[in-house]
Amino acid sequence: MLVLKFGGTSVGSTEAIQQAAAIVADLRAAGHDLLVVTSAMSGVTDLLLAAAHAAANGRSSDVLNMAAGIRARHVDTCRALLPATATATEPGLLARLGDLDRLLEAVGVVGEASPRALDAIASLGERLSVLLLSGAIRERGLASAAIDGTEVVRTDAAFQAAVPDLAATRDLASARLLPLCAEGVVPVVTGFIGGTAEGVVTTLGRGGSDYSAALIGAAVDADEVWIYTDVDGVLTADPRVVPEARSLDRLSYLEMSELAYFGAKVVHPKTLLPAIERGIPLRIRNTFNPAHPGSTVLAATNGGSHTLRGVTAIERQCLVTIEGSGMLGVPGIAARAFGAVAATGTSVPMISQSSSEQNICFVVPSTARDRVVAALTDAFDRELTRRDIERIWAEADVVVVTAVGDGLRRTPGVAGRILGAVGAAGINVTAIAMGSSECSLSLVVDAAHARDAVRAIHTLL
Ligand code: ADP
Ligand code: ASP
Ligand code: MG
């Protein structure tokens, strides 16, 4: 059994959906049992959320425009894609589009988009695209059924970042999907969305349809999960920053998870967990270049001679520093600091503490800057008054640049080469941290120099 996931660009137009359906048909013809997971058409989730916010803010003409754009894009694609069977698929689309209108209207009346309402609205992107992709597969003469993620992925009610219940998902997914496969039907499941035990729709977080594919793959014990996107696999760097980035033929789960965690958008970071747990290989392949083998992500990569595999960046971050000589040797400062940050609901991608213990610095998203500094100032009120802590401040607009490779922990001198390359490019590094897995090294640099830092490190790869 193979699970194939098609990303937003892979279902972003009539031609793309035709191409995705052709890949499905070819793999079926080659004898594979298939489960398909789809994203929304590219840009649709952004547009749905923008429409929800516009509705909450009473911008009704913007809402109408956006809803009309979403409607036209899906209806036009349906007619172009399914000349013979559009009439069978269109009513389903229109029902979903009607749901959208009603949800936007409700948000407009309340004047507020709750996380639950945002999930109901954002879920519609996949609930629309699934009808198109499933229709296109049928158009090629195969049996196919569109399946809603609420039927197969059980989650808690943490709207916008719902946490899946793996045991329940395993039961639901195998009961719903495997009988279809046994009958020769290709199920196409909406990525990104799940449902609570009460049947309320949730989403797994932006970019989460990769995670859906891995969850479903793990639930049915798939042989492999293939993530179809718009590049030839996992590249040594973001091709928009480093045009000469190369695709990696093999990498380890650990390398992939560090690349994803530190900003390589190609795979959602949570995708790795279900794959690792069940030992399922992942492949990242290009919908628009299906002959390319793409990248395979496995437990081990047979050694390989490469020390460094890739370089990534997380943009729009700020560096928070807690500084003061009174922190020296005082136990519990770090615990209190991170407790205060956690209470604001902010995640911290990188921490660094100097050996002198006179400061702790860490990175948070720029959007969390004010609330994090306020929470810390509050938590250390006494220390600030006594001057044990002199300052708590945040340096705006920095980027975390990370070099990743299993070789970082076994090859001496690599960290030195990385810092040397960045230094030779005349770039100042504000903080450094080695990932806990020891297969990544992160540097904080000024946003203005981030791209040059990525390129400088890339020359070492
Ligand atoms: P999809 O819609 O298929 O999920 P995404 O846009 O989420 O696709 O992810 C694919 C994009 O990720 C690529 O088009 C590429 O621009 C970007 N990207 C960033 N870093 C990397 C990397 N290291 N390797 C491959 N792609 C990357
Ligand atoms: N459509 C969702 C998003 O844009 C999920 C995904 O594409 O992975 O975030
Ligand atoms: Mg994606």
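Atom set for the values below is all heavy atoms of this structure, side chains included, hydrogens, waters and symmetry mates excluded. Remember, it's 1-based here, ligands and their atoms both numbered in the order they're listed. Start at 1 with the first residue, then count along the sequence.
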Peer 1: When you measure from the side chain of Thr271 to the backbone of Ala214, do you find a donor-acceptor pair of N or O atoms at a distance under 3.5 Å?
Peer 2: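 The answer is no, because no donor-acceptor pair under 3.5 Å joins these two groups.
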
Peer 1: Going by atom types alone, do Glu258 and Ser440 pair a side-chain donor with an acceptor below 3.5 Å?
Peer 2: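 A pair is found: one side chain offers a donor N or O, the other an acceptor, under 3.5 Å apart.
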
Peer 1: Can you check whether Met1's main-chain N or O pairs, donor with acceptor, with Asp223's side chain at less than 3.5 Å?
Peer 2: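 Side chain of Asp223 to backbone of Met1, a donor-acceptor pair under 3.5 Å: yes, one is there.
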
Peer 1: Which residue holds the protein heavy atom closest to atom 10 (C) of ligand 1, what is that atom called, and what is the gap in Å?
Peer 2: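 In this structure, atom 10 (C) of ligand 1 has Thr229 OG1, 3.5 Å as its nearest protein heavy atom.
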
Peer 1: So Phe192 and Ser123, do their side chains get closer than 4.5 Å, heavy atoms only?
Peer 2: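 Counting from C-beta outward, Ser123 and Phe192 never come under 4.5 Å.
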
Peer 1: Is there a heavy atom in Leu259 that sits closer than 4.0 Å to ligand 1?
Peer 2: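 Heavy atoms of Leu259 never come under 4.0 Å of ligand 1.
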
Peer 1: Could you tell me if any non-hydrogen atom of Gly208 lies under 4.0 Å from any atom of ligand 2?
Peer 2: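 Contact check Gly208 vs ligand 2: positive.
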
Peer 1: Could you check whether any heavy atom of Glu126 sits closer than 4.0 Å to an atom of ligand 2, since that is the contact criterion I want to use?
Peer 2: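 Glu126: in contact with ligand 2 (<4.0 Å).
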
Peer 1: Using the side chain to side chain contact (heavy atoms under 4.5 Å, CB included) rule, take Cys318 and Glu395 through it: C-alpha gap first, then chi angles, then the decisive distance, then the call.
Peer 2: CA-CA 5 Å; Cys318 71; Glu395 193 173 322; 5.9 Å; no

Peer 1: Applying a strict 4.0 Å limit to heavy atoms, is Gly207 in contact with ligand 2?
Peer 2: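 Under 4.0 Å: yes for Gly207.
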
Peer 1: Judged on heavy-atom distance to atom 6 (O) of ligand 1, which of Arg206, Lys5, Lys265 sits nearest?
Peer 2: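 Nearest heavy atom to atom 6 (O) of ligand 1 lies in Lys265.
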
Peer 1: Which ligand 2 atoms does Thr45 reach within 4.0 Å, using its non-hydrogen atoms?
Peer 2: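 Checking each atom against Thr45, I get 1 (N), 2 (C), 3 (C), 4 (O).
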
Peer 1: Under a 4.5 Å cut-off applied to non-hydrogen side-chain atoms, are Ile432 and Val444 in contact?
Peer 2: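 With C-beta onward as the side chain, the pair stays apart.
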
Peer 1: List the closest protein heavy-atom neighbour of atom 6 (C) of ligand 2: residue, atom name, distance to the nearest 0.1 Å.
Peer 2: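 The closest one turns out to be Ser209 OG, 3.1 Å.
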
Peer 1: How about Asp119 and Thr203: does a side-chain donor come under 3.5 Å of a side-chain acceptor?
Peer 2: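 Checked: Asp119/Thr203 side chains pair up, N/O donor to acceptor below 3.5 Å.
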
Peer 1: Do me a favour and list the nearest non-hydrogen protein atom to atom 11 (C) of ligand 1 with residue, atom name and distance?
Peer 2: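 Sorting protein heavy atoms by distance from atom 11 (C) of ligand 1 puts Asp230 OD1, 4.0 Å first.
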
Peer 1: Can you report which non-hydrogen protein atom sits closest to atom 26 (N) of ligand 1, along with the distance?
Peer 2: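 Nearest protein contact, heavy atoms only, for atom 26 (N) of ligand 1 is Val266 CB, 3.5 Å.
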
Peer 1: When you compare the side chains of Glu139 and Thr85, does any donor N or O come within less than 3.5 Å of an acceptor on the partner?
Peer 2: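 Their side chains do contain a donor-acceptor pair, which is all the 3.5 Å distance test asks for.
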
Peer 1: Do Val107 and Ile121 come within less than 4.5 Å of each other through their side chains, counting heavy atoms only?
Peer 2: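 Yes. Closest side-chain heavy atoms under 4.5 Å.
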
Peer 1: For ligand 1, which atoms have a heavy atom of Asp238 less than 4.0 angstrom away?
Peer 2: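 Numbered from 1, ligand 1 contributes 16 (O), 19 (C), 20 (N), 21 (C).
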
Peer 1: Could you name the option among His268, Arg246, Arg240 that has the heavy atom nearest to atom 16 (O) of ligand 1?
Peer 2: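 It is Arg240 that holds the nearest heavy atom.
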
Peer 1: Report the part of Ser39 (side chain from C-beta onward, or backbone N, CA, C, O) that has a heavy atom under 4.0 Å from ligand 2; answer both or neither where that applies.
Peer 2: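 The answer is the side chain of Ser39.
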
Peer 1: Are the side chains of Arg138 and Leu82 in contact, using a 4.5 Å heavy-atom criterion?
Peer 2: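 Not in contact.
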
Peer 1: Answer with yes or no whether the side chains of Ser42 and Thr9 bring together a donor and an acceptor at under 3.5 Å.
Peer 2: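 Per modelled atom types, Thr9 and Ser42 side chains form no pair under 3.5 Å.
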
Peer 1: Gly233 heavy atoms, cut-off 4.0 Å: which ligand 1 atoms fall inside?
Peer 2: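 Selected atoms, number and element: 25 (C).
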
Peer 1: Go through ligand 1 atom by atom and flag the ones less than 4.0 Å from a non-hydrogen atom of Ala237.
Peer 2: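 Atoms satisfying the 4.0 Å criterion: 22 (C), 23 (N).
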
Peer 1: Would you say Arg309 touches ligand 1, if touching means a heavy atom closer than 4.0 Å?
Peer 2: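 It does not, in that no heavy atom of Arg309 comes within the 4.0 Å cut-off of ligand 1.
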
Peer 1: Where do Thr229 and Ser10 come nearest, in terms of heavy atoms and distance?
Peer 2: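 Closest pair (atom of Thr229, atom of Ser10, distance): O-OG, 3.6 Å.
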
Peer 1: Purely on distance, is any nitrogen or oxygen of Gly8 under 3.5 Å from one on ligand 1?
Peer 2: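 Yes; the residue has a nitrogen or oxygen that sits under 3.5 Å from a nitrogen or oxygen of the ligand.
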
Peer 1: Pull out every atom of ligand 2 sitting under 4.0 Å from any heavy atom of Arg206, numbered as shown with elements.
Peer 2: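 Per the distance check, 3 (C), 4 (O), 9 (O).
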
Peer 1: Just to confirm my output: which protein heavy-atom neighbour is closest to atom 24 (N) of ligand 1, and how far is it?
Peer 2: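 Minimum-distance protein heavy atom for atom 24 (N) of ligand 1 reads Leu235 N, 2.9 Å.
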
